[in-house]
Amino acid sequence: MPQHFVAPPQWEWYIVWYFFLGGIAGGAYALGAILRLMGDQRDAPVSRLAFLLTLPVLAICPILLTLDLGRPLRFWHMLIDSRTFGLNFKYWSPMSVGAWVLIIFSLFAFVSFLEALGSLRGSRAPFLSGGLGRVFMIIGAFFGLFLAGYTGVLLSVSNQPVWSDTWALGGLFLASGLSVAAAALTLMTRLGRHDASAEAKLSRADRYFTILELVLLVVFFLSLGAVGSQFLQPRWMALWVVVLVGTLVPLALHLSTERRMPAMLAAVLTLVGGLALRIVVVFGAQM
Amino acid sequence: MARTVGFFTDTTLCIGCKACEVACKEWNQLPGHAPAFGDGYDNTGQLDEQNWRHVQFHERTTAKGGVAWNMMSDVCKHCAMASCMEVCPTNAIIRTEFDTVYIQPSVCNGCRDCIAACPYHVIGFDEASGLARKCTFCYDRLQANLMPACAKACPTESIKFGDLDTMRQVAGARLNQLRGQGMSEARLYGDKEYGGLHALFLLTDKPEVYGLPNTENAVLPSRNNVRSYLGSLVTAALGIVGAVFAFRERGGKE
């Protein structure tokens with residue numbers, strides 16, 4: 001492990017919430033697209049719900065990022081070179097890539113949102129139902145998954161202890177993003193009146209995502225080696241407990257029953273655990 | 001006239017007077033932080049947005065059981081391969097005509113990615129201006145053909161300034177001189193790290209003692225790009241397979 005002498009960048013609550021909401025938005029779009037692409041008409045309401053959820057959650061993300069800047073009015077410097085007014089893009093800088101992905105994914109989320117809104121009112125925009133529509137959703141899902149995962153890569157592409165000592169953060173945030181998105185959709189379907197089969201599918205999917213997240217948590221600590229023990233200081237233990245409760249308890253509930261209250265409890269715990277994971281990773285490495 | 005410049009800081013000549021810190025603050029109009037008095041003479045603490053020079057004081061026990069100080073005036077290294085410049089998403093961090101690394105105040109938007117990248121704990125975030133700030137190598141003075149304020153003020157010439165090639169030669173000659181006098185622990189830092197630094201140091205202890213990563217640990221943030229993205233890609237593939245598998249199953253019950 002490289003020995004680091006690095007100052008903390010003071011990325012705090014705006015960034016934590018961006019990572020969390022970006023995970024929900026990206027994951028929700030991907031799940032909505034997969035449900036739609038698989039073509040079961042009974043799943044259409046949940047798929048529509050996913051697209052309706054994505055855009056409002058995504059809309060908060062650039063606001064959080066802009067507020068976090070020291071000079072918020074210069075947010076556009078991320079995209080455009082303020083000297084030459086040419087485009088700014090550095091593929092080797094995840095922050096630069098992420099700014100572009102956020103813009104491009106917003107376009108996909110916006111179109112799918114409008115289509116879902118139209119579908120809710122009984123009409124269907126033809127451009128998303130044919131082959132072109134399928135390609136559109138596949139590309140949109142790619143950018144959604146990218147948004148959910150690149151945030152971990154952003155942390156790793158630094159010299160900050162812990163963050164840069166592992167390659168697993170991107171995958172961990174992506175798995176967690178899918179999991180919290182499935183949980184958010186489960187909550188919304190339970191609160192509404194949707195087909196029980198679609199709810200069961202979401203529950204099963206979340207079970208797989210949670211297992212994936214747990215595996216990546218283990219990989220995360222294994223990749224950190226001795227640095228990982230420093231990351232487990234007593235002041236962070238309570239949050240790690242929340243992370244574990246937010247993964248293990250929902251997993252047990254998914255496996256045991258699909259009754260109404262346990263499924264909602266599982267979804268709430270998953271969301272809280274996903275937030276706690278980002279809090280402990282972001283703050284834990286900076287203090 | 002544009003040229004490739006460098007510092008050579010000879011720690012064996014540093015007397016810890018902090019004239020470099022004062023001159024830097026005076027010239028660059030840095031108000032500084034309130035001094036923090038602890039168990040030692042170092043009341044500056046660290047390099048950051050207000051401290052562009054920092055005189056470190058390291059106490060060590062000598063072979064005869066006495067106490068000796070290792071002092072070093074630390075500064076931005078203006079790396080040839082600069083981690084801060086690599087990650088900066090706005091291109092606010094540029095290489096000047098003097099081959100130094102400079103944060104353009106008119107371009108920086110205060111994202112602070114450079115702070116997480118700098119392996120020397122150099123850059124700080126200035127709350128007042130909302131910008132990332134660090135040593136400019138006295139860019140304005142260089143443009144006026146003047147030497148940086150810190151080197152100008154140093155009374156023992158511990159901080160030397162000149163063309164980088166000349167500084168390398170001076171550093172090499174000094175190292176040979178000290179080793180010839182029996183100082184076997186003397187070593188040069190900065191000729192190999194990050195493609196060669198524009199601030200060379202003559203040290204009398206391991207680099208880590210002075211908060212400098214050794215050659216093996218002097219690595220760029222981009223080393224993690226491919227493996228981190230690959231980890232995400234594999235996870236995405238597994239997630240999609242999981243979702244397809246879950247969504248294929250029929251009915252509300254298992």
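Side-chain atoms are counted along with the backbone in the values below, which use heavy atoms only and exclude waters and symmetry mates. Residue numbers start from 1 in every chain, and the chains themselves are labelled A, B, ... in the order their sequence lines are given, proteins ahead of strands.
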Chain B heavy atoms under 4.5 Å from A:A168: which part of the residue, side chain, backbone, both or neither?
neither
Is a donor from one side chain sitting under 3.5 angstrom from an acceptor on the other, for B:E97 and B:Y102?
no
So if I take each residue of residues 185-192 of chain B and look for any heavy atom under 4.5 Å from a heavy atom in chain A, which residues do I end up with?
none
Under 4.5 Å from a heavy atom of chain A, the part of B:E216 involved:
neither
Given the rule in the ring pair (Phe, Tyr, Trp, His ring centres under 6.0 Å) test, do A:Y208 and B:F245 qualify, once you have shown the distances and angles that lead to the verdict?
CA-CA 9 Å; A:Y208 297 134; B:F245 191 65; 5.7 Å; yes
When B:D74 is tested against each of B:H121, B:Q56, B:R53 for side-chain hydrogen bond (donor to acceptor under 3.5 Å, both in side chains), which residue passes?
B:Q56
For residues 209-220 of chain A against chain B, heavy atoms under 4.5 Å, the residues are A:F209, A:L212, A:L216
Audit row: B:N214, B:K206, side chain to side chain contact (heavy atoms under 4.5 Å, CB included) steps and yes/no
CA-CA 8 Å; B:N214 61 30; B:K206 290 182 291 188; over 6 Å; no
Which is it for A:L69 and A:F75 under the side chain to side chain contact (heavy atoms under 4.5 Å, CB included) test, yes or no, and what are the steps along the way?
CA-CA 7 Å; A:L69 293 174; A:F75 69 94; 3.9 Å; yes
Side chain, backbone, both or neither: which part of A:M38 has a non-hydrogen atom closer than 4.5 Å to chain B?
side chain
With distance as the sole test, does A:S223 use its side chain to make a donor-acceptor pair with the main-chain N or O of A:T166 at under 3.5 Å?
no
Could you go through the ring pair (Phe, Tyr, Trp, His ring centres under 6.0 Å) check for A:F173 and A:F19 one step at a time?
CA-CA 8 Å; A:F173 279 9; A:F19 285 4; 5.8 Å; yes
Does one side chain, of B:H78 or B:D99, offer a donor that lies under 3.5 Å from an acceptor on the other?
no
Most heavy-atom pairs under 4.5 Å with chain B, out of A:L169, A:L79, A:D68, A:I80, belong to A:D68
Chain B contact via A:S156 - which portion, at a heavy-atom distance below 4.5 Å:
both
In terms of heavy-atom pairs under 4.5 Å, which option from B:G239, B:G110, B:P221 contacts chain A the most?
B:P221
With B:C135 as reference, evaluate B:C76, B:C150, B:P148 under the side-chain contact (heavy atoms from CB on, under 4.5 Å) test and give the passing residue.
B:C76
Neighbour count above 12 (heavy atom, 6.0 Å) for B:F57 CZ
yes
Return the option, out of A:G170, A:S158, A:A182, A:A205, with the maximum number of heavy-atom pairs under 4.5 Å with chain B.
A:S158
Interface residue of largest heavy-atom contact number with chain A, from B:G231, B:P119, B:A218, under 4.5 Å
B:P119
So what's closer than 4.5 Å to chain A heavy atoms on B:C88: side chain, backbone, both or neither?
both
Is the ring centre of B:W52 less than 6.0 Å from the ring centre of B:F137?
no
Stepwise, does the side chain to side chain contact (heavy atoms under 4.5 Å, CB included) test hold for A:V6 with A:W163?
CA-CA 12 Å; A:V6 184; A:W163 295 347; over 6 Å; no
Contact class of B:Q104 relative to chain A, heavy atoms under 4.5 angstrom
side chain
Would you say the side-chain atoms of B:N51 and B:Q46 include a donor-acceptor pair closer than 3.5 Å?
no
Considering only heavy atoms, which portion of B:C111 lies under 4.5 Å from any heavy atom of chain A: side chain, backbone, both, or neither?
both
Side-chain (B:K134) to main-chain (B:V101) donor-acceptor, under 3.5 angstrom
yes
Are B:D48 and B:H54 close enough, and set up right, to give a side-chain hydrogen bond (donor to acceptor under 3.5 Å, both in side chains), and what steps lead you there?
CA-CA 9 Å; B:D48 57 28; B:H54 166 221; over 6 Å; no
Got a second to check how far B:T100's OG1 is from B:R95's CZ, nearest 0.5 Å?
8.0 Å
Is it the case that over 12 heavy atoms from other parts of the model lie below 6.0 angstrom from the CH2 atom of A:W167?
no
With a 4.5 angstrom heavy-atom cut-off, could you sort out which part of B:L233 is near chain A: side chain, backbone, both or neither?
neither
Heaviest contributor of heavy-atom pairs below 4.5 Å to chain B, chosen from A:D81, A:V157, A:L35, A:L178, is A:V157
Under 4.5 Å heavy-atom distance to chain A, tell me which part of B:Y229 shows up: side chain, backbone, both or neither.
both
Between B:G130, B:S129, B:A116, B:A236, the one whose heavy-atom pairs under 4.5 Å with chain A are most numerous:
B:A116
Which portion of A:L31 sits near chain B, non-hydrogen atoms under 4.5 angstrom
both
For B:L230, which atoms come within 4.5 Å of any heavy atom of chain A: side chain, backbone, both, or neither?
neither
salt_bridge(A:D43, A:K201) N-O dist < 4.0 Å:
yes
Option that, when pairs with chain B are counted at under 4.5 Å, heavy atom only, ranks first among A:F146, A:W76, A:F142, A:F89:
A:F146
